[in-house]
Peer 1: 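Please find one structure pasted underneath; my questions will follow.
A note on names: the letters A, B, ... follow the listed sequences, proteins ahead of strands, and every chain is numbered from 1.
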2 protein chains.
Amino acid sequence: MKALIYQNANTLDDFAIKLAEVTDPTMNDNDLLIRVKSFSVNPGDTKIRRAVSAPEDGHIILGWEFSGIVIKTGKKTKGFTVGDEVYGVGDVSRDGNYAELVSVDYRVVAHKPASLQFYEAAAVPLTSLTALGAILDENFQPYPNVSSILIIGGSGGTGSIAIQYLKAQTNLKIIATAYGKESEEWVKSMGADFVVDHFGDVKQQLQDIGFHQVDQIFSTSHTAEHMHWILKVLSPYGHLSLIESPEALSQITPNTFAFSIHWQMIFTRILKEYHPELQSKFLNQLSSLIDSGKIKTTAKTRLIGLSEETIKHAHTLIESGKSIGKIVIDDIE
Amino acid sequence: MKALIYQNANTLDDFAIKLAEVTDPTMNDNDLLIRVKSFSVNPGDTKIRRAVSAPEDGHIILGWEFSGIVIKTGKKTKGFTVGDEVYGVGDVSRDGNYAELVSVDYRVVAHKPASLQFYEAAAVPLTSLTALGAILDENFQPYPNVSSILIIGGSGGTGSIAIQYLKAQTNLKIIATAYGKESEEWVKSMGADFVVDHFGDVKQQLQDIGFHQVDQIFSTSHTAEHMHWILKVLSPYGHLSLIESPEALSQITPNTFAFSIHWQMIFTRILKEYHPELQSKFLNQLSSLIDSGKIKTTAKTRLIGLSEETIKHAHTLIESGKSIGKIVIDDIE
């Protein structure tokens, strides 16, 4: 098959991902062999490219968020047949999906929303599983005793899905942070009940809209910069959900009141064999929510074809830090 | 009343706590006025003494863990009458109980275990509420899906109470860390099912006793030193409970798998008016467990009388870092 590969960690200036002919993926009994139709390019991909090299004579195939068509089912797979249109997040310990074919454990694969094109579907699973893994409990249920949630960075991909899901599925009061008019309007269109400026006096802004404190906070980015007010507005025994910035946690002082921190990492279920089937089940629920119009894709930039040009463009956009929404490579063949 | 007071933050070498005659405590409608019979001296007391000075012309009275007798009830108190023998943890934002009298909100006071002497009871509430606030949820219930717990520093005051409570009230497999024969025997006598050496290869020791990983970890001290193995033995979606060492949290890396951190601070309920009545309710349950022989006090060192000598001795013992069990000042009058 054709795949985008590299051998040694490389920078944008010395970008080294090349299109090459490689052997088809090996399949385990639990695997589906999937013909990739579209895939998302994520910040995690660029971080691995900059930091990780392949063993001698080996290569690395990045990319772990895809949509495609099942072309072969492993002996122990259930619920899928050849021809099924699917989407999902793969396994970071195996070859990724910057390729024509990818092997993925069926327990983390789901049926693609019928109402979405492949490129629109490819943008959904990773941010959704990150967002909802962070704000829901290990069984994908909201925490008890929570009636309000503040989402820091509500206009980003993860924040946007979080707001849409909470609006569709819960009665929580949703407050999103945003900066600037465009971002503010975006989070409102996603379903936020209230918007605050995360560079302003957040405590005061919350009081102005009637919140003495909030029961849960989901920080999607720049947690270290916001930590100084996070612990002032979080309720006692409140929940702080994090997906990055561990250095922020060192700012917690011993006289900070009791609270919980939830640390989310997207590949936990498959890497640790921790109920991976819940990941598939949850993505199937998400497909229903999408098909009923309650959640929209966040695909924004669509680049055509498996090529060195498209992948370099995608990595450049991500490393600029200025791209909005998800970047998807479409029409793999 | 007589009280032990100081004005300026002071070191052991320049120890400045003096016995003095001061005005009796003021009472709010929610307060009980309590004649102090015994009180514990805790590490938190020594930290405040070293760091915090009183306003000009003012003084500081330390100590927030006591046993005593109710001598007056505020207008809005319920469930207590004059003469009741009580114990509890006070409110760090008010004068403490290094004194003959203390005023405490009735919602955090409980009836003293009848089977204990005052000095034995005074050793119980703070470590218990710290330990159980850390390992149980906000309603004092065990976390769901947890079948094993590892307690780091099992032979300390907080660890000892945690082991005893879990043994008496749950079916969890309890693994305690200890160092040396005496400490190992102590945690077994508290009820630990297994003991491991926290300076050894903890992952290997756990495997040797049949645990691939544990669902919950309660780190009672030196978390930063142990963080390197904590995240290797904690189950995915596991719970880490902490009462100190925020700097350890900065060692969490973005590719650490999903888990939760529970941060416990003893005074949260009363300072934040967050269901303080649950604290009283829980201490009353603890009294029943003590009176039925399921939990023992950890009082070890009993010093007699409210005097400069006893309090200096107590602070010296604590700052040596070598005292075992709790230090109680008894026979206040």
Peer 1: Looking at CD of B:Glu138 and NE2 of A:His239, how far apart are the two atoms once the value is rounded to the nearest 0.5 Å?
Peer 2: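 Between atom CD of B:Glu138 and atom NE2 of A:His239 there are 6.0 Å.
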
Peer 1: Measuring only between side-chain heavy atoms, which start at C-beta, is B:Gln264 closer than 4.5 Å to A:Tyr237?
Peer 2: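 Answer yes - side chains close enough.
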
Peer 1: At what distance, to the nearest 0.5 angstrom, does CD1 of A:Ile261 lie from CZ of B:Phe259?
Peer 2: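 Here the interatomic distance stands at 8.0 Å.
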
Peer 1: Looking only at atom types and distance, does a side-chain atom of B:Thr268 sit under 3.5 Å from a main-chain N or O of A:Ala258, one as donor and one as acceptor?
Peer 2: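 Between the backbone of A:Ala258 and the side chain of B:Thr268 there is a qualifying donor-acceptor contact (under 3.5 Å).
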
Peer 1: What option among A:Arg269, A:Lys47, A:Gln213 has the most heavy-atom pairs under 4.5 Å with chain B?
Peer 2: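 It is A:Arg269.
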
Peer 1: I need the contact set between residues 270-280 of chain A and chain B: heavy-atom distance under 4.5 Å, sorted by residue number.
Peer 2: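 Result: A:Lys272, A:Tyr274.
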
Peer 1: In chain order, what residues pass the ring pair (Phe, Tyr, Trp, His ring centres under 6.0 Å) check against A:Phe39, with sequence neighbours excluded?
Peer 2: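 A:Tyr98.
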
Peer 1: Please round to the nearest 0.5 Å and tell me the distance separating atom CG of A:Leu249 and atom CG of B:Leu249.
Peer 2: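 Reported to 0.5 Å precision, the distance equals 5.0 Å.
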
Peer 1: State, with a plain yes or no, whether a side-chain heavy atom of A:Asn145 is found less than 4.5 Å away from one of B:Asn139.
Peer 2: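 They are in side-chain contact.
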
